[in-house]
There are 2 protein chains.
Amino acid sequence: MRASERAYAALRSDIIEWRLTPGTVLGEVELSERLGVSRTPIREALAKLSAEGLAQPQSGRGVVVSEISLDHLDELFELRSALECRAAELAAQRGDPAVFRVLHEQLANAGELLTSEDPTRHDYYQLVAELDTAVDAAVGNHYLNQALKNLRVHLVRVRRLSQDNPARLRDAAREHAAIALAIANGNSAVASAATTVHLDYSLRHLLGTAAKELPQLRFPPAKGSS
Amino acid sequence: MRASERAYAALRSDIIEWRLTPGTVLGEVELSERLGVSRTPIREALAKLSAEGLAQPQSGRGVVVSEISLDHLDELFELRSALECRAAELAAQRGDPAVFRVLHEQLANAGELLTSEDPTRHDYYQLVAELDTAVDAAVGNHYLNQALKNLRVHLVRVRRLSQDNPARLRDAAREHAAIALAIANGNSAVASAATTVHLDYSLRHLLGTAAKELPQLRFPPAKGSS
DNA sequence: CCTGCGTTCTTTGTATACACTGATGGCACG
DNA sequence: CGTGCCATCAGTGTATACAAAGAACGCAGG
């Protein structure tokens, strides 16, 4: 694999998983030493991260990990709602009902997946991801899918602000099942509405749980101040 | 100004204004010679263009100007509709009515701007751009604005496929005026509906006029085949 | 004549040296 | 003691040399 890709992937996951906190300065020389590659691929990786919005060029001098906070949650979900509601509508018009009927079945029974011992809820999240993938495929719109993909990066990042409790996940599965059912029925109005409802619940839950965690996530202003 | 920025700006406008046609191979050495800079800033520019979707990495070997055609028009307008309808809704809820009342007035009288001698319709397009800016400001959502900004690049590019005739511009001005009025009235449902209507007319017009021009825009497959 | 392999060549990927710019700290002057 | 200027320096911006990988072409064998 190319060194620039490795550097990009490493930095990307570091930022998304909060090992690199907002405001952290990403110095080229420091990173090139830490990752064991020269500055050239590092620059390429930083450019990609900046384009993605995970980092920002700092007024000519270096790039820093971009800020993200509860304020951004509202904005993020506004965009998410715009994109996912429309995607759900279009999927209802264009999708193969059989595919979404199957997904509906699985999601309706997703409670079983949550009783397992896996603390990462891998099977559960995979199933939800499959719904997203199916919607994307049914919509068949490159530009819309690209916009959603860009958005999801930030969603993953902000999701780390909260913990997912089983009760919420069970509810979320039901909401997803409702969306899948509406799409299977070819009912775009309901699909859109169900998506709106689901996103509202999700946002409220995130705001509720994140508020408890946030204090400990307030960092020192980027570079060690004694 | 930095060399990488100059290279980026030059290539970007070359692509948007169809001086570089889809499928054109963007070789690093060739570009570095043509633009008089070394390969390093060229690489940076190409990375930015790829992130924007104006160019695409060609399976390991170089990047090419990305394709855009009438098929993409549908997809582009689907995303545009999703974003702009929601933006209009939010602007209706949050915008300063006075601002949009003024814009409504100006747009209602935009017919006067079209009688002028300027063939580029500078004043007209500036007024429309002001509406976009006002909506963006009223929405106040960084992520939504960013998504719209990314989208508009492609819209400008595809717009070059068609010519704008005065009759259509006059109608478009009325449609824009209707949107501005709905926002000024704080009526989000009407603002969204008016946007939907406007985009539908625009798309139909583009498809209608572009069809005539497209044949002459079918290029040889990238590299001269005898 | 077609097919498969090997060589060569073009083009990108990476490393590194150098230039330049903006910041920071100290020193001198008011 | 405060302020402003200058020097030093850290760190990015650019150029270029070298390495590696993929593609195209030609040649040989069937």
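Chain identifiers are assigned alphabetically (A, B, ...) following the order of the sequence lines, protein sequences preceding nucleic acid strands; residue numbering begins at 1 within each chain.
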Take the protein atom CZ of B/R2 and the nucleotide atom P of D/dT14, then report the distance between them rounded to whole Å.
7 Å

Sequence neighbours excluded, which residues qualify as salt bridge (Lys or Arg N to Asp or Glu O under 4.0 Å) partners of A/R101?
none

Measure all distances between protein nitrogen or oxygen atoms and nitrogen or oxygen atoms of nucleotides 20-25 of chain C, and list the pairs falling under 3.5 Å.
none

Short question: side chain of B/H205, backbone of B/A172 - any donor-acceptor pair under 3.5 Å?
no

Within residues 31-50 of chain B, residues whose heavy atoms come under 4.0 Å of DNA chain D:
B/V37, B/S38, B/R39, B/T40, B/P41

Whole angstrom value for the distance that separates C1' of D/dA15 from CZ of B/R6:
14 Å

Run the side-chain donor-acceptor check on residues 87-96 of chain A: report pairs under 3.5 Å with partners two or more places apart or on a different chain.
unit_1, atom_1, unit_2, atom_2, d
A/E89, OE2, A/S192, OG, 3.4
A/R94, NH1, A/V139, O, 3.0
A/R94, NH1, B/E78, OE1, 3.3
A/R94, NH1, B/E78, OE2, 3.4
A/R94, NH2, B/E78, OE2, 2.2
A/D96, OD1, A/A98, N, 3.2

Under the side-chain contact (heavy atoms from CB on, under 4.5 Å) rule, collect the residues that match up with B/D71, sequence neighbours excluded.
B/S69

For A/R121, give me all partners under salt bridge (Lys or Arg N to Asp or Glu O under 4.0 Å), at least two apart in sequence or on another chain.
none

Can you measure A/E28 atom CD to C/dA15 atom C1' for me and round it to whole angstrom units?
14 Å

side-chain contact (heavy atoms from CB on, under 4.5 Å) filter on B/E17, not counting sequence neighbours, yields B/S13, B/R19, B/R160

Taking salt bridge (Lys or Arg N to Asp or Glu O under 4.0 Å) as the definition, give me every residue that meets it alongside A/E30, ordered by chain and number, with sequence neighbours left out.
none

Across all chains, not counting sequence neighbours, the salt bridge (Lys or Arg N to Asp or Glu O under 4.0 Å) partners of A/E5 are A/R2

B/Q58 CD to D/dA24 P, straight-line distance once rounded to whole Å:
10 Å

